[in-house]
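Report on the structure given below.
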Amino acid sequence: MSDTRHVVFNALRPTDDAEAVKAAIGRVVDSGWYILGPEVEAFESEFAAACGTAHAVGVGTGTDAITLIVRALDIGPGDEVITPPLSAAYSALAVMMAGARPVFADIDPERLTLDPAAVEAAITPRTRALLPVHLYGQAADMTPLLAIAKRHNLAVIEDAAQAHLCTSEGRPVGTMGVAGAFSFYPTKNLGALGDGGAVATNDAALATRIKRLRNGGQTTRYRHEEAGANSRLDELQAAILRARLPRLPAWTDRRRTIAAAYRAGIRTPALHVPREFDNGHVYHLFPIRTANRAEAQAHFTAHGIETLIHYPVPIPRQPALAATNPAQCPVADRVCDEVLSLPMYPSLTDADVAAVIAAASALQPVGR
Ligand SMILES: *Cc1c(COP(=O)(O)O)cnc(C)c1O
């Protein structure tokens, strides 16, 4: 092979933001104030503005963002929350951390987000909320999901951990349901240099309750009104996120450009490239599908292209879920055997993208 290019799956070191990130870190180090201070407060208002919501509350992780929304809605033991089998397992684990039971409804075979008909079939008298995931940066099928929720009087909690700045038919994620849960894990579209998360919401009372829950349930200092969590976005991460947030629109544009190049360039019958369902897609990941994934992954590796699988196991098949008697989801079972994520991040160069397309194009369908 003449082309020895190596395309890594992800590049987390700061790029055009490096100076701004270092300045932000220095500012916090010198400030002597590290938890719940001016950086978190400023980030919360800047992030809310970016989300198109009235409020944002910084928390420790994206998982905690989901758990605290569930708790703030007084959903807990005995209650059910409907969620998809194809996601980071944290979506369902967050429901369990709140004491409620995740109930799985299968995914749409093309869109790969919650199938509204399956959701309707999974509703029981104990169902309290839907937890759609805006997977891979693409909004869930919100119009029918919101209609189902309204008809059955259910809350809608949006898992937007992979979907910063994503819209669904023009509506920003986090504004359609009661709240959106965001993660700032380093690989996410907006990442910190450590863990972080936020809840974005238009509901002032919910934001206030989550501010209480993230801080031990305190109403005033040393008065713990309820058994809250200890889950705060720290000043250092908030300052880093403030340095990066203004760059997020340009980074998102770059992801969309790369996705368009992949779509135009990858034309082998050996690979299925799912169509774009909504141009509000922010391309956190770019999964393709193939019935011969092991061979395809080995082929990309041989061409110097790193790929990963999101996700290899449907959440209901995880050992941690066994005791909850999860529903079987045959579509997710099949999709988990077929998905393969190609490199997708803003600093991917045009030459990297061309190398991925060339490697994909050299993949022969099985039987040739
Ligand atoms: C990353 C992620 C989470 C969890 O976020 P953390 O910040 O890692 O806790 C939840 N849901 C989805 C869909 C994710 O991708």
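In each ligand, atom 1 is the first atom listed, and ligand 1 is the first ligand listed. Being a predicted model, the structure only gives us computed values, none of them experimental.
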For this session: Go through the structure and list residues passing ring pair (Phe, Tyr, Trp, His ring centres under 6.0 Å) with Phe9, not counting sequence neighbours.
Result: His310
For this session: Could you tell me which residues satisfy ring pair (Phe, Tyr, Trp, His ring centres under 6.0 Å) with Tyr345, sequence neighbours excluded, listed by chain and number?
Result: none
Exercise. Just wondering, more than 12 heavy atoms not from Tyr90 lying within 6.0 Å of its OH?
Worked result: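 No, OH of Tyr90 has 12 or fewer neighbouring heavy atoms, counting only those of other groups under 6.0 Å.
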For this session: Tell me the residues surrounding ligand 1, counting only those with a heavy atom closer than 4.0 angstrom, sorted by chain and number.
Result: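 If the criterion is a heavy atom under 4.0 Å, then ligand 1 touches Thr61, Gly62, Thr63, Ser87, Ala88, Tyr90, Ser91, Val133, Asp159, Ala161, Gln162, Ser183, Lys188, Gly196.
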Exercise. Is a salt bridge present between Asp352 and Arg5, judged by a nitrogen-to-oxygen distance below 4.0 Å?
Worked result: yes
Exercise. Salt bridge check: are Arg232 and Glu39 linked by an N-O gap of less than 4.0 Å?
Worked result: no
For this session: With sequence neighbours left out, write down each residue that passes salt bridge (Lys or Arg N to Asp or Glu O under 4.0 Å) with Arg223, or none if nothing qualifies.
Result: Glu225
